[in-house]
Asks: 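One structure, pasted below without further comment.
Just so it is clear: chains get the letters A, B, ... in the order the sequence lines come, proteins before strands, and each one is counted from 1.
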Amino acid sequence: MTGYILKRLLSAIPVLFGITVIVFLIMALIPGDPATAILGSYATPENVEKLNRDLGLDKPLVTQYVIWLGNMLTGDFGTSFALNRPVLDEVLERFNATLVLAGTAFVLCSVLGIAAGVISASRQYGFADKAITFSVLIGISIPSFFLGMMMILVFSVNLRWFPVSGMWPIYGDRDLPALISHLTMPALALAVVATGVVARLSRSAMLEVLRQDFIRTARAKGVHERRVIWRHALKVAMVSIIPVLGIQAGFVLSGAVYIEMVFQWPGVGRMLVDAILKRDILLVQGGVVFVAACYVFFNIVVDVLQSLLDPRIKT
Amino acid sequence: MSLTSFTRRSLLAASTALALSIGTFGVAEAQTPPGVLVVGQIAEPKALDPAAVTAVNDFRILMNVYDGLVRYKDGTLEVEPALATAWEISEDGTEYTFTLRDGVKFHDGSDFNADAVVFNFERMLNEDHPYHNTGPFPLSFFFSSVASVEAMDDMTVKFTLSSPYAPFLSNLAYPTGLIVSPAAVEQYGAEFGRHPSGTGPFTFAEWRSNEAVVVEGNPDYWDGAPELQAVIFRPITDANTRTAEMLAGGIDLMVEVPPVALSQFEGETFNVVEQAGPHVWFLILNAKEGPFADKLVRQAANYAVNKEALVNDVLEGTAAVAAGPTPPAFAWAYNDDLSPYTYDPEKAKALLAEAGAEGAEVTFYVTEGGSGMLDPIAMGTAIQADLEAVGFDVKIETYEWNTFLGEVNPGLEGKADMAEMAWMTNDPDTLPFLALRTEAWPDKGGFNSGYYSNPEVDKLLEEARVATDQDKRAELYKEMQTIVQDDAPWVFVANWKQNAVTSDAVENFTLQPSFFLLLDDVVKN
C-alpha cells in the first residue's frame, strides 16, 4: 500500500509540471498585458514599456518561466501586481475561505445526497422516491449562481434573515454564529447541484446492491429492514459512491467560483476571476498551480480510499 | 415505517435548527451605528499609496486620507489652495513657487514641510532616490515636465519645469499629486501602501484583505474635523450583489449604480445623487482609410446615431448627450455655443449619397466592459442599428476590455473602421492632446487610433498647453472644439453622469465633478 501511495505521488510530479507550463503559456498568450490593465487610459506604448521593465515583463518568455518556476520551488510565488502583496499569502488566505465554503457544501451534498439516494432506492417507485427524484431533477437543473441570486433576493433583501454577502460581519464580532449566518446561503446554493448528482448515483448504486443475494439472505435471517439498508447495503454501495464523491469535491471547488462572485465570498475562485480580468499574471499562475495541486492530491486520496474499501482494485 | 419516522424526525430537527439560527443570526445582523459610514466599493484597492495606484476605486479612499498641495474647488474642476496656501508662476510659465500651510502634521505625527514635498516628488521622479524602489509609479508621467523640486525654506517649495505645461496645477490636484508622510515611507518601505499616512480628514485604521478598509475621523484636521467617526470601504465587485447589499442595508452608500438598478432606489428610504463628470464616450472613426476617410461620411455617422435614445433608453438617463470632444464638466474650457449633432437620418442619407458611400461596409470594434465604457454592448448594437438604418453595412466584433485596448490603442488601420472608446480626465488638455493631434498617432506613442489630423487643431493644442493664463487657454480650447466637431473624427455620443445612492441616514453627501468621493462633511445618523 505504501508503495502504491508513493507511486501515485510520484506520478503527480509530471502532471504538476505540465500544469505550470500550460498556465504560464496561457497567461503569456492571452491578449492584453498587465501594464495596459494597470495604466488603463494612460497606456501609451512608452508608459507600457517602462512599466513592463519595472515589473520584469520585458525579459524573454523562457527566462520569465525559469525564474518563476525556480522561485516557486523555493516557496516564493512572487508579488501580485494588482494587490501589491505576496501571491502565496493571498492564495493561502483565500484558499482558507474557499475550503470553509466548499468543505461545508461538500459535507452537505454528501450527507443529504446519500440520504436522499438511499431513501429513494429503498422505496423505489413509492411516493418518497418520486418526490425525491423530482426535487433532484429541479436541483440539478438550476444554475447555482441564479439560485444564489434568488436566495439573496428572498432571504436577504426581502426577509432580511441572512446577510447578503461576505464571510464576516463588517461591524461586530467574528464568532461562529456570525460565520454560520454568512455561510448558510452560499453553502446551500453551492451544494444543491452536487446533492442532486450524489442522490441520483446513490439511488442507482443502492438499487443494484439491493437486488443481490446477500440482501435477500439478510432479510430472510430477520435482520431489521433499517439495518439491512443502512448497514449491509450502503456499505457495499459506498464503493461506487465514493468515486462520485471525489468528483463532486472537485465540482464544488470549481463551482465555488460562481458562488463566490455572487456572494462576494473572499475565496480563491473570486480571486482568480479578478486576477484574470486585471491580467495579474503571477497571482493567476500561482493560484492555478495551487488549486491544481490540491485537485491532484484530492484524486490521489480518493483512489487510495477506494482501494482500501475494495480489495478487488489492484494496488 | 421506521424510515419515514426517521426522516420526519430529522426534518423536524433540521427545521428547528433553521428557525433557531434565523432567530439568533437575524438579530445579530445589526445596522452600523450612527457616525460610521459603510461605502460599497467596486473592487479591492491595490494599495493606499497615491503615487502607486491608478484606479478611481482606490482614489475614492485616498482622497479622504491625503491632501495635495492644491485641490479642486467644491463642485468644480478649478484648483484652490490646500496644503499650499498660495503660489506664484513665473512669467515664462516654468517656475511654480508654493507657500505651504503652517502647523500641519501627518497622521504619524511628523511635520508637513517643504522637505516632505521634495521627498514626495523625488521618490516618484528621481530613479536614484533611495525610496524610488517603493514603486512602480505608473502615473508619474503626470509630472514628467518637472525638472527639479527645491525647498527654498522650511515652508516654500519651487518646482522648475523643463517647458511650460499648463495642466501642471490641475495634475497636482489629481491623486497622483497627494502628499504622503516621508517618515512612514522610510519606516515601511514597499509596505507603505498597506500602512498609509497622510494629512487628510481621515486617518487609516485597518485593512482586512478583501473585506474592508477602515479609516477614522482625524480630530486635528486643518480644514475642520470630519463629522463621521469612521468610514468602512467594502469591496463588492459584483454590481448585482452591491445593489442587494444597498437594498438590505448592509451598506450606507453605493457608487456606480448600474442603470438598470436605479429604479430599485426610488422612494423615501434612499437618495440618488448624480453629477456629470469630465467623461466623454465616443466612437473613434478611422480617418485614414475606408469610408470614414471622407469627412462627409463621418458627419453622416454623427447625424445617424440617435444619441438621445442611447442616453435615455439604454443608459436610463445616467448620461447626457455629448456635443464635442470636451466634456461640459470643464466649465471654464467648454464651448457653450456647440450644440450636438441632431438625430437626422435623412440628412445622414443625403450626406452618404453626396459622398457616394451608400452601403459602405464598416467593421465596428465593441468592448464587453471596461473603465468608463458604461453599457458598451447594448450601446454598440443600438448604434449598429442606427447606422444600418441610413445605409451603412455594419459588422460588430466584440472583445474583452484588455484585449480590446490591445487592438484599438495600436491604431485601427487594416483592422477596423470604428471603435468604442471613453475617457475620463482631470484637465481639458489631456484627451485632445493625447488622442487628436497628428503627433499623437499610435506609431508616435499617442492614442489617436483613428489617425485624425488637422494642423490647425495641432497648433491650438500646442499653444494651449504652454499658456498659463486660464482665459487664454479657454479661448484656444473653445476654438479647437468648434473645428473638431465639424471635422467629426469621432462620433460624439455621451457624457456620463456619475451616480451614487445613499440610505436616508446619510446627509450632506454630494458627488464632485472630479468623480472623487469626498466624505469630510458627510453626516450619518
Side-chain angles (χ1 to χ4, degrees), chain A residues 30-33 35-47 50-51 54-55 82-85 90 93-94 115 119 122-123 128 149 152-153 156-157 160-172 177-178 180-181 184 224-226 229 261-264 266 270-271 274 277 279, chain B residues 2-4 6-7 21-22 24-26 28-30 32-33 36 38 43-44 46-47 52 54-55 135-136 138-139 141 193-194 209-212 232 234-238 240-241 244-245 247-250 371-372 399-407 409-410 423-425 434 442 445-447:
Chain A
I30 53 167
D33 60 299
T36 310
I38 291 170
L39 287 163
S41 303
Y42 299 105
T44 56
E46 192 186 339
N47 291 333
K50 180 172 180 294
L51 194 56
D54 290 346
L55 297 173
L83 300 170
N84 206 27
R85 66 187 299 223
E90 181 74 13
E93 202 177 295
R94 296 294 200 105
I119 291 166
S122 64
R123 309 178 55 87
M149 273 152 51
I152 289 180
L153 195 62
S156 300
V157 174
R160 302 214 172 184
W161 286 356
F162 294 104
V164 175
S165 67
M167 181 167 171
W168 296 106
I170 217 66
Y171 204 86
I180 293 175
S181 80
T184 308
H224 196 285
E225 179 66 15
R226 204 160 106 192
I229 287 169
M261 283 310 285
V262 172
F263 289 94
Q264 295 291 299
R270 198 182 121 206
M271 177 196 85
D274 290 346
L277 290 177
R279 297 292 185 275
Chain B
S2 54
L3 264 175
T4 350
F6 178 83
T7 29
S21 66
I22 288 162
T24 337
F25 308 138
E29 196 55 32
T32 48
V36 177
V38 184
E44 169 84 351
K46 175 187 176 184
T54 56
L139 297 185
F141 64 86
R194 292 207 153 235
S209 284
N210 306 305
E211 254 184 75
I232 303 174
R234 276 187 73 179
I236 307 174
T237 46
D238 187 85
N240 291 322
T241 310
E245 278 285 12
L247 289 170
S371 146
Y399 296 93
E400 178 269 347
W401 176 236
N402 286 306
T403 316
F404 180 84
L405 288 177
E407 292 287 337
N409 286 349
W423 275 69
M424 240 184 306
T425 59
L434 288 178
F447 293 96

Asks: Only counting residues at least two apart or in another chain, list the ones meeting side chain to side chain contact (heavy atoms under 4.5 Å, CB included) with A:V262.
Replies: A:F145, A:M149, A:I152
Asks: Among A:I30, A:L51, A:L83, which residue forms the greatest number of heavy-atom pairs with chain B at distances under 4.5 Å?
Replies: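 So the answer, after comparing A:I30, A:L51, A:L83, is A:L83.
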Asks: Can you say whether B:L247 sits under 4.5 Å from chain A via the side chain, the backbone, both, or neither, judging by heavy atoms?
Replies: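 Answer is both: backbone and side chain atoms of B:L247 are under 4.5 Å from chain A.
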Asks: Taking the side chain as every heavy atom from C-beta outward, state whether A:R94 and B:N210 have any pair of such atoms under 4.5 Å apart.
Replies: yes
Asks: Would you give the length of the straight line joining atom CG of B:N409 to atom CZ of B:F404, rounded to the nearest 0.5 angstrom?
Replies: 9.0 Å
Asks: Which atoms of B:E407 are under 4.5 Å from chain A, going by heavy atoms: the side chain, the backbone, both sets, or neither?
Replies: neither
Asks: B:W423 vs B:F447 aromatic rings, parallel, tilted or perpendicular, using cut-offs 30° and 60°?
Replies: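 Judged by the thresholds at 30° and 60°, the geometry between B:W423 and B:F447 is perpendicular.
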Asks: Which atoms of B:P410 are under 4.5 Å from chain A, going by heavy atoms: the side chain, the backbone, both sets, or neither?
Replies: neither
Asks: Side chain to side chain donor-acceptor pair (under 3.5 Å) with A:R270: which residues, sequence neighbours excluded?
Replies: none
Asks: With chain A, which of B:V38, B:T54, B:T425 has the greatest number of heavy-atom pairs at distances under 4.5 Å?
Replies: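 Greatest number of close heavy-atom pairs with chain A: B:T54.
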Asks: Using non-hydrogen atoms only, which part of A:L277 is less than 4.5 Å away from chain B: side chain, backbone, both, or neither?
Replies: both
Asks: Taking every non-hydrogen pair under 4.5 Å, which of B:R234, B:E400, B:K46, B:R194 racks up the most with chain A?
Replies: B:K46
Asks: Indicate yes or no for a side-chain donor-acceptor contact from B:E245 to the backbone of A:S165 under 3.5 Å, with no hydrogens or angles considered.
Replies: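 Yes; judged by distance alone, with no hydrogens or angles, the pair exists.
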